[in-house]
Amino acid sequence: MVNMIENVKQEIREVVEKALVRASGAGEIPPVQIQEVEVEIPREKDHGDFSTNVAMQVTKLVRKPPRQTAEIIIKNLSLENTYIERVECAGPGFINFHLNNNWLFDTLKAIQAEGENYGRISMGEGKKVMVEFVSANPTGPLHMGNARGGALGDCIASVLEAAGFDVTREFYINDAGNQIEKFGISLEARYIQLLKGEDAVPFPEDGYHGEDIVEHMRNFIAQNGDRLLNLQPLERRRELVKYALEKNLEKMKNDLESYGITYDVWFSEQSLYDSGELQETLDYLQDKGYTFEKDGALWFKASQFGAEKDEVIIRNNGIPTYFASDIAYHRNKFIKRGFDRVIDLLGADHHGHVARMKGAVAALGIDADKLDIVIFQLVRLYRNGEIARMSKRTGKAISLADLLEEVGRDAARFIFNTKASGSHLDFDLDLAVQQSNDNPVFYVQYAHARICSLLRLLEEDGIQVPEASGADLTLLQKKEEIELLKKLAELPEEIRIAAQTLEPSRLTRYVQDVASLFHSFYNACRVKGEEEGLMKARLVLVDATRTVIRNVLGLIKISAPERM
RNA sequence: GUGCCUGUAGCUCAGCUGGAUAGAGCAACGGACUUCUAAUCCGUUGGCCGGGGGUUCGAAUCCCUUCAGGCACGCCA
C-alpha cells in the first residue's frame with residue numbers, strides 16, 4: 001500500500017508547515033493558518049519535481065509580495081532526513097522542490113515488494129460500495145450503449161476495489177412493469193401467429209417487432225408445442241415471458257461474461273413487489289406527506305427535493321411506475337443492505353432521471369451525496385470513415401455480441417475507457433482491429449510482450465531479476481530511466497484520482513504513458529550485455545515496468561500477452 | 001421554449017476543485033535497425049482553448065451572455 005508520491009507530498013507539506021510556524025515565531029511573517037499546503041507536480045520539468053503555491057495563497061494574510069514570502073519560507077525550511085535536495089523560488093512565487101532520486105529507488109523496491117498489489121491503496125477503508133451498471137432491458141439484445149456502460153461500470157468497480165472499497169457489482173433486472181407487459185403481448189401474438197397463421201391475430205403496434213421474438217416462439221413451439229393455446233391469456237403470457245426472459249438473461253449473462261464482466265448480484269425488480277418492499281416504500285412516502293393525488297394518480301413531490309417537476313409513482317390504473325420501484329430499489333440498496341455508497345451508471349438519454357432519483361433518496365432520509373449517478377455519453381460507430389449503424393453480418397443494429405466478434409474484448413474494453421464518460425465517443429471499428437501503432441491497445445500490449453521477451457532471453461542465459469535491495473539502483477541516471485521511474489511512481493496516485501473522479505479513462509492514458517516511456521528507455525538503454533551492475537539495476541526497472549503494465553491491464557481486464 | 005452534456009492543433013482527445021511557456025496520439029515532413037521484438041524510437045511543423053463581457057496578482061479552468069452540435073423534457077424505462 002505504498003503511495004510514494006503521496007509520501008513525498010506529505011513530507012513537503014510538513015516541512016513547509018513547520019517553516020511557516022518558525023517564520024511567524026521569529027516575527028518574519030504574521031501567524032498564518034492554512035488548511036492544507038497544496039503540493040503538485042509541475043508540468044515543466046525545469047520547475048522541479050514538486051512545487052507549492054503556498055506563498056501566493058497566503059499573500060493577502062501576510063501582506064508581502066509572494067516572492068518575498070516564498071524566500072522567507074525557504075529560509076526557514078529544515079531539510080534534514082528528507083528526499084529534498086534543492087529548493088528555489090520561481091515565477092510569481094512558486095516554491096520548487098528538486099529531489100534526489102532516492103525516492104524513486106525506494107519506489108522501485110516497493111513495486112518489487114508489492115508485486116501484483118502495487119498500486120492498491122487503502123482510501124476506501126473497506127466501505128461497502130455498489131456499482132450498478134448495464135441493467136439493460138431484458139426484452140432484447142445488448143446494444144452499444146450497454147457496451148460502453150458495461151466497460152465503464154466494470155472498470156469503475158475495479159478501480160474502487162483497487163482503492164480499497166468493498167465493491168459489489170450489480171445488474172438490475174427490469175422484469176416487472178410495463179415493458180414486460182408489452183413483451184408478453186408481443187410473444188403471445190407471435191406464438192399464435194406461428195401456430196394459426198399470420199392473420200389469426202394482429203400484431204400490436206407498440207409491441208416488440210424484432211425477429212428475436214419470433215425466434216423465441218419458434219423454439220418454444222418446437223419444445224412445447226401448442227399446449228398454451230387453451231390457456232387464459234394472462235396465464236399464457238406469464239409462461240411465455242418466463243420462458244423468453246430466462247433465455248434473454250442467459251444470453252446477456254453469456255455476452256457479458258465474454259466481455260469480462262461478472263456480476264455479484266442479479267437483482268430482480270419483481271422481487272421488490274413480491275417482498276412487499278415496494279409497498280413499504282410507498283407507505284413511507286405517503287406517511288411523510290411526500291406524495292399527493294392528482295388526476296387519479298399518486299405523485300411524488302420531487303420538486304420539494306430539488307427536481308424540476310413532480311413525478312407519478314402510481315398510475316391512475318393502480319400500477320406503480322418504473323420510478324416507484326426504482327425508489328424501492330434504492331431504499332433496498334441503502335437501508336436493507338447497508339451500502340455506504342451507491343453508484344448508478346446511466347446513458348445520457350436517461351439523464352433526466354438523476355435529479356428525481358437523488359430527490360427520492362433524500363426523501364428516504366438518506367444523504368443524497370451517497371448516491372453517485374454517472375452519466376455517460378452515447379457511442380457512434382465508424383467504419384470506413386462513415387457512421388456504421390448496422391452489423392455487416394446480421395444487417396441489424398450492432399449488438400455487444402457483434403462488437404466482440406468484430407474487434408474482440410481487449411480492444412472494446414480499452415477503447416471504451418480511453419475517453420472520459422462525459423465525452424461523446426466515436427468508436428472506429430477499423431482502428432480497433434488494426435495491429436499497428438495507431439491502435440493504443442496493441443501499443444501497450446507490445447511494450448509488455450517486449451519486456452517479457454527481454455526477460456526470457458536473459459533467463460536463458462541464467463540471468464534473473466535481482467532483489468532490488470541487492471542492486472545498485474543509483475546507477476539509474478539517464479533521463480529515460482528517471483522519466484520512466486517517475487511514471488511508475490504515479491500509479492497509486494492515478495488510482496486514487498480515478499477512484500475519486502470515477503474516471504477509469506485515466507488509467508488507459510496512464511498505461512499508454514508508461515508504455516511510451518518504456519519504449520523510449522528501450523531505444524536509449526540496453527540491458528543485455530551491459531556492465532553487470534547497471535544491467536541488474538535496469539533489470540529491476542524493466543521488471544517493475546512489467547508489473548505496472550500488467551497490474552493496470554489486469555485492472556481493466558485486458559490481456560497482457562507475453563509474446564506478440 | 002426549459003434543463004443537462006460537449007465545443008482545445010488538420011483528426012481523435014487530455015488538461016476544467018484557477019497557477020508558471022496550453023499537452024498527447026494520429027496525420028504531414030525529416031531521420032534511427034550488424035547488437036535485448038522497428039507492432040519501436042528521435043526530431044520538425046502545427047493553437048484568437050467556439051465568440052464576447054466580467055471576477056483576480058493570475059482564467060482553457062470560475063460567473064454572465066451568445067453561437068454550434070448531442071440528449072432529455074411521458075400516468076415509457
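Source: prediction; values computed, not measured. A note on names: the letters A, B, ... follow the listed sequences, proteins ahead of strands, and every chain is numbered from 1. Just so it is clear, the values below take in all heavy atoms, side chains as well, and ignore hydrogens, waters and symmetry mates.
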Of the options B/C36, B/A77, B/C71, whose atoms approach the side-chain atoms of A/H350 most closely? B/A77
Using a cut-off of 4.0 Å on non-hydrogen atoms, how would the nucleic acid contact of A/A447 be classed: base, sugar-phosphate, or nothing? nothing
Looking at the side chain of A/D426, which of B/C13, B/U2, B/U37 is the nearest nucleotide? B/C13
Scan every strand shown for a Watson-Crick or G-U wobble partner of B/G7, both distances under 3.5 Å, and answer none if you come up empty. B/C67
Verify the contact: side-chain N or O of A/Y443 to OP1 or OP2 of B/C41, cut-off strictly under 4.0 Å; return yes or no. yes
Would you indicate what A/D295 reaches in the nucleic acid, counting non-hydrogen atoms under 4.0 angstrom: base, sugar-phosphate, or nothing? base
Using Watson-Crick or G-U wobble geometry with both distances below 3.5 Å, tell me the partner of B/A72, or none. B/U2
Quiz question: going by heavy-atom distance under 3.5 Å, is there a donor-acceptor pair between the base of B/A20 and the side chain of A/N96? yes
Nearest listed nucleotide, side chain of A/S520, among B/C42, B/G19, B/A38: B/C42
Hey, are the side chains of A/F50 and A/H98 touching, using non-hydrogen atoms and a 4.5 Å cut-off? no
Residue A/Q377, side-chain heavy atoms: nucleotide from B/A14, B/A77, B/C5 that is nearest: B/C5
Determine the contact category for A/R356: base if any of its heavy atoms lies under 4.0 Å from a base atom, sugar-phosphate if only primed atoms, P, OP1 or OP2 are that close, otherwise nothing. base
Any side-chain heavy-atom pair of A/R456 and A/S453 under 4.5 Å: yes
Phosphate oxygens OP1/OP2 of B/C76: is one of them under 4.0 Å from a side-chain N or O of A/N178? yes
So is A/K333 actually on top of A/Y329's ring, under 6.0 Å and inside 45° of the axis? yes
State which of B/U37, B/C75, B/C13 makes the closest approach to the side chain of A/R450. B/U37
Using both distances under 3.5 Å as the test, list the Watson-Crick or G-U wobble partner of B/U44, or none. B/A28
B/C49 - base-pair partner by Watson-Crick or wobble geometry, distances under 3.5 Å: none
Does the structure show a Watson-Crick or G-U wobble partner for B/A20, both distances under 3.5 Å? Name it, or say none. none
Just compare B/U2, B/C75, B/G23 and give me whichever is closest to any side-chain atom of A/R43. B/G23
Check ion pair A/K487-A/E490 (N to O, under 4.0 angstrom): yes
Looking at the side chain of A/Y446, which of B/C73, B/C36, B/A39 is the nearest nucleotide? B/A39
More 5' along RNA chain B: A/I95 or A/C525, using each one's nearest nucleotide? A/I95
Using the closest heavy atom to pick a nucleotide of RNA chain B for each, name whichever of A/L457 or A/R509 lands nearer the 5' end. A/R509
Side-chain contact, heavy-atom cut-off 4.5 Å: A/V379 with A/F416? yes
OP1 or OP2 of B/U17 under 4.0 Å from side-chain N/O of A/T501: no
Give the rounded distance in Å between these two atoms: CZ of A/F323 and C1' of B/C76. 14 Å
Show me the donor-acceptor pairs, under 3.5 Å and distance only, between side chains in residues 367-378 of chain A and residues at least two apart or in other chains.
unit_1, atom_1, unit_2, atom_2, d
A/D367, OD1, A/D369, N, 3.0
A/D372, OD2, A/R341, NE, 3.4
A/D372, OD2, A/R341, NH2, 3.0

Is it the case that B/A77 (base atoms only) and A/T321 (side chain only) share a donor and an acceptor within less than 3.5 Å, ignoring hydrogens and angles? no
Which nucleotide, B/A39, B/G3, B/C13, lies nearest any side-chain atom of A/K419? B/C13
Remember a base hit wins even if backbone is also touched, and classify A/S423 as base, sugar-phosphate or nothing at under 4.0 Å, heavy atoms. sugar-phosphate
Determine: side-chain N/O of A/R526 to OP1/OP2 of B/C41, distance under 4.0 Å, yes or no. no
Nucleotide of B/U37, B/U40, B/U2 approaching A/N523 most closely (side-chain heavy atoms): B/U40
Kindly indicate whether a cation-pi arrangement holds for A/R356 with A/F300, taking the cut-offs as under 6.0 Å to the six-membered ring centre and within 45° of the axis. no
Does B/C33 count as syn, meaning its glycosidic angle lies within 90° of 0, or as anti? syn
Of the nucleotides B/C36, B/A20, B/A77, which has the atom closest to the A/Y522 side chain? B/C36
